[in-house]
Amino acid sequence: MNLDDAVLRRAILDGADLVKASLCDVDASRASCRGTRFMGASLLYVDLRGADLTDAVLRENSFKVAMNHATILQGVSGSIFGPVEIIEQDSVRTLGGAALEDWIREKGGNVQVISGTCPMKYRSPKSPT
């Protein structure tokens, strides 16, 4: 499934099967992805600020995304290639490895960050309009 360049802002994708989907340059800010299955999907340059990923399942995902304090990660599980960007007001920090695992754990998730990098260099997602 190809969802490249999609605007999924505030979309309800609860329980969706996005296994092996391509999501590149996607605005999924404030989207609801509760229980969504992302196994093997490529999430590259995806804006997940304020998104709800409660109980989402990840498995060896390319995961070059932007998140913030409002991104809900309660019960999210699986494995990803990072790093991710954490965007808060005027600051951006990049987290990967154990630091990213800890940040996700603090938000109620359990995700393993796989060592190595995704094949594509990270760039910040488009600013929401």
Side-chain angles (χ1 to χ4, degrees):
M1 175 183 306
N2 185 330
L3 295 171
D4 294 349
D5 300 309
V7 176
L8 301 174
R9 190 177 312 127
R10 298 184 184 195
I12 298 173
L13 301 169
D14 297 345
D17 185 353
L18 298 179
V19 174
K20 296 188 179 180
S22 178
L23 293 96
C24 184
D25 286 318
V26 171
D27 179 358
S29 57
R30 299 184 188 161
S32 182
C33 301
R34 298 172 66 91
T36 301
R37 297 170 11 121
F38 290 102
M39 286 96 77
S42 295
L43 286 82
L44 301 171
Y45 324 120
V46 176
D47 186 349
L48 291 173
R49 290 177 287 175
D52 184 350
L53 298 172
T54 300
D55 296 326
V57 181
L58 309 165
R59 196 74 69 229
E60 297 182 6
N61 294 87
S62 300
F63 204 69
K64 304 290 186 176
V65 303
M67 295 190 280
N68 65 2
H69 71 281
T71 304
I72 300 170
L73 299 171
Q74 185 68 40
V76 69
S77 63
S79 57
I80 60 172
F81 291 94
V84 304
E85 284 193 343
I86 309 301
I87 301 173
E88 299 296 347
Q89 295 175 335
D90 294 333
S91 70
V92 177
R93 62 187 169 130
T94 301
L95 289 181
L100 178 55
E101 289 177 356
D102 290 344
W103 188 81
I104 293 170
R105 193 172 304 110
E106 288 170 10
K107 295 182 70 60
N110 184 20
V111 173
Q112 175 191 10
V113 178
I114 302 167
S115 61
T117 58
C118 288
M120 302 180 91
K121 186 177 180 195
Y122 187 82
R123 66 176 187 255
S124 292
K126 301 173 196 167
S127 296
T129 53

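Here the structure is a predicted model, which means the values were calculated and not measured.
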Kindly compute the distance separating CG (D27) from CG (L8), expressed to the nearest 0.5 Å. 8.0 Å

About how many Å separate OH of Y45 and CG of L23, when rounded to the nearest 0.5 Å? 13.5 Å

Whether E85 side chain and V92 backbone form a donor-acceptor pair below 3.5 Å: no

Say you draw a straight line from OG of S29 to CG of L48; how long is it, rounded to the nearest 0.5 Å? 9.0 Å

To the nearest 0.5 Å, atom OG of S32 lies from atom CD1 of I12 at 6.0 Å

Testing the basics here: between T36 and L18, what is the closest heavy-atom pair and its distance to 0.1 Å? CG2-CD1, 3.8 Å

Is there any salt bridge (charged side-chain N to carboxylate O under 4.0 Å, His left out) pair reaching into residues 52-63, and which pairs are they, with sequence neighbours excluded? R34-D52

Short question: side chain of D47, backbone of R49 - any donor-acceptor pair under 3.5 Å? yes

Do I80 and V65 come close enough that some side-chain heavy atom pair is under 4.5 Å? no

Tell me, do K64 and P83 make a side-chain contact under 4.5 Å, heavy atoms counted? yes

Can you hop from L3 to V7 via hydrophobic side chains spaced under 4.5 Å? no

To check you understand the geometry: which heavy-atom pair defines the closest contact between C24 and D4, and what is its length? N-OD1, 3.0 Å

What residues form a side chain to side chain donor-acceptor pair (under 3.5 Å) with S77, not counting sequence neighbours? none

Test item: side-chain donor near acceptor, S22 and N2, under 3.5 Å: no

Are F63 and V57 in one and the same hydrophobic cluster, where Ile, Leu, Val, Met, Phe, Trp and Tyr link if side-chain heavy atoms are under 4.5 Å apart? no

Nearest heavy-atom neighbours spanning G50 and N68: N-OD1, 3.1 Å

Note: V113 and E101 closest approach over all heavy atoms is N-OE2, 2.7 Å

Treat each ILVMFWY residue as a node, draw an edge where side-chain heavy atoms are under 4.5 Å apart, and state whether V26 and I72 are in one component. no

Out of curiosity, Q112 CD to N110 CG, how far, rounded to the nearest 0.5 Å? 9.5 Å

What are the two closest heavy atoms between A28 and V46, and how far apart are they? CB-CG1, 4.3 Å

Count I, L, V, M, F, W, Y as connected when their side-chain heavy atoms are under 4.5 Å apart, and connections chain through other members. Are L100 and L58 then in the same cluster? yes

Tell me the closest heavy-atom pair linking C33 and L53, and the distance in Å. CB-CD2, 3.5 Å

Cluster link L95 to I104, ILVMFWY, side chain under 4.5 Å: yes

